[in-house]
Amino acid sequence: MFTKQGPTVRELAVQALSSTERGYDLLAPKFDETPYRTPDRVLDAVTRAVCELGPFDTGLDVCCGTGAGVGVLRQLCRERAVGVDFSAGMLAEARGAFPPGNEGPAVHWVRADARSLPFAPSFDLALSFGAFGHFLPAERFGLFAEVYGSLRPGGQFVFPLGAPPPVGSRAYWSLFGFDAAMRVRNALWRPRFVMYYRTFRLGDVLEDLTQAGFVVRLLPLTELGLRPDGSPRARLVVATREGRDMPGGS
């Protein structure tokens, strides 16, 4: 739910009629007061699961927004955490949340499009939270290839992926309705605002990760709950760039 400190209906309307980049620039000062920010319980569950995969020296938060994922990296990485995003407004908020001089690994911020990352293979760990709906299915392989190229051999790309809601449930129709409205909006209005909830399907994601060169496995995030059939409500996707061991020893 939106808090009283969150954006007004008018502010959300202006954002929705802007481009994706401009929309997030406008939303940035109040983003953390919206439901769009990844909940702390998800961040904590991922932190605990990824901790078992390390140790790590360097980490990259892909589409970092206001920096929630960088907060995770600072708990997991010993030397350096980097956040990359194309929204100057979101990066400004992230810098304010992690001022220089704090204890822990060094933190750096880079403004760039995730579809063209400006990094050599220098990271042991990459992660992302809640950003994949901003990429069209045709862009997904290219995005994964860019992350692959930013990882050292042995590096891992991780992100949580929730199970789809049951067909016919309230959540199912809510997401279906949102995506349908967004398709109509983008067909009738320019610039486009790309945000879809039902285009990031597990089977397609695994295929694109594999084609990008990753070896992929899934870990259950059971602390986020189970479905009625006993399967986890969310899994951690762990995509590894195979090769020699990382300097950290994982």
Side-chain angles (χ1 to χ4, degrees), residues 6-7 11-32 34-39 42-43 46 60-70 72 82-94 109-119 126-150 157-162 164 174-202 204-209 212 234 237 239:
E11 288 171 332
L12 288 172
V14 172
Q15 179 212 7
L17 295 176
S18 304
S19 67
T20 312
E21 180 179 350
R22 176 60 177 159
Y24 274 97
D25 285 346
L26 294 171
L27 183 61
K30 298 182 178 180
F31 179 81
D32 286 350
T34 73
Y36 307 133
R37 182 190 184 275
T38 303
V42 175
L43 299 172
V46 170
L60 176 66
D61 182 4
V62 181
C63 304
C64 65
T66 55
V70 169
V72 172
V82 177
V84 60
D85 203 283
F86 75 161
S87 167
M90 298 292 269
L91 287 172
E93 295 298 315
W109 307 100
V110 176
R111 187 182 181 193
D113 191 322
R115 294 167 295 190
S116 183
L117 292 173
F119 306 114
L127 50 73
S128 191
F129 291 96
F132 297 121
H134 296 304
F135 299 93
L136 297 173
E139 300 172 319
R140 190 169 48 229
F141 166 79
L143 169 66
F144 292 162
E146 288 293 312
V147 176
Y148 183 93
S150 302
F157 177 33
V158 303
F159 52 86
L161 185 60
S174 176
L175 298 182
F176 182 92
F178 181 93
D179 282 9
M182 187 61 69
R183 292 183 187 282
V184 171
R185 178 256 186 246
N186 287 331
L188 299 177
W189 190 269
R190 290 292 184 276
R192 294 186 305 175
F193 188 95
V194 178
M195 179 64 218
Y196 298 105
Y197 284 106
R198 301 175 66 250
T199 58
F200 201 72
R201 298 181 177 91
L202 178 59
D204 298 332
V205 170
L206 297 181
E207 181 178 353
D208 285 341
L209 285 168
V237 178

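Please read these numbers as outputs of a predicted model, since none were measured by experiment.
Note that the SG atom of Cys63 and the CZ atom of Phe86 stand 7.5 Å from one another [nearest 0.5 Å]. Note that the OH atom of Tyr36 and the CE atom of Met195 stand 8.5 Å from one another [nearest 0.5 Å]. With values rounded to the nearest 0.5 angstrom, Phe141 atom CZ is found 10.5 Å from Glu207 atom CD. Rounded to the nearest 0.5 angstrom, Asp32 CG and Thr34 OG1 are separated by 7.5 Å. Atoms OH and CG, on Tyr148 and Leu117 in that order, are 15.0 Å from each other to the nearest 0.5 Å. Expressed to the nearest 0.5 Å, how far OH of Tyr24 lies from OG of Ser19 amounts to 11.5 Å.
Side-chain N or O atoms of Asp85 include none that pairs as donor or acceptor with a backbone N or O of Leu91 at under 3.5 Å. In this structure, Asp179 contributes its side chain and Tyr197 its backbone to a donor-acceptor pair below 3.5 Å. A donor-acceptor pair under 3.5 Å is formed between the side chain of Arg185 and the backbone N or O of Ala16. Under a 3.5 Å cut-off, the side chain of Arg201 and the backbone N or O of Pro164 do not form any donor-acceptor pair. A donor-acceptor contact shorter than 3.5 Å links the side chain of Asp25 to the backbone of Ala88. For Ser128 (side chain) and Val62 (main-chain N/O), a donor-acceptor pair under 3.5 Å exists by modelled atom type. A donor-acceptor pair under 3.5 Å is absent between the side-chain atoms of Thr66 and the main chain of Glu93, judged by distance alone.
Proximity of Leu43 to Arg37: side-chain heavy atoms (C-beta onward) are separated by under 4.5 Å at one or more points. Side chains of Val205 and Phe159 form a contact here, defined as non-hydrogen atoms less than 4.5 Å apart. Residues Leu209 and Val237 form a side-chain contact, since some pair of their non-hydrogen atoms from C-beta on lies under 4.5 Å apart. In this structure the side chain of Pro137 never reaches within 4.5 angstrom of the side chain of Asp204, judged on heavy atoms. The shortest side-chain heavy-atom distance between Tyr196 and Arg183 falls under the 4.5 Å cut-off. Residues Leu136 and Thr199 fail the side-chain proximity criterion, which asks for heavy atoms closer than 4.5 Å.
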### Task
Take Asp61 and Val84 through the side-chain contact (heavy atoms from CB on, under 4.5 Å) test and state the conclusion after the steps.
CA-CA 6 Å; Asp61 182 4; Val84 60; over 6 Å; no
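Nearest heavy-atom pair across Phe193 and Gly23 is CE1-CA, 4.2 Å. Val194 and Thr20 get closest at one heavy-atom pair: N-OG1, 3.0 Å. Residues Leu60 and Ser150 approach most closely at CD2-CB, 4.3 Å, considering heavy atoms. Between His134 and Glu139, the shortest heavy-atom distance links the atoms O-OE1, 4.4 Å. Of all heavy-atom pairs between Thr38 and Gly130, the closest is OG1-N, 4.5 Å.
In this pair, Phe132 and Phe157 present their aromatic rings perpendicular. The plane angle is above 60°, beyond the 30 to 60° band.
Shown here is Arg192, whose CZ atom has no more than 12 heavy atoms of other residues, nucleotides or ligands within 6.0 Å.
Here Glu21 pairs with Arg111 in a salt bridge; the nearest charged N to carboxylate O distance falls below 4.0 Å.
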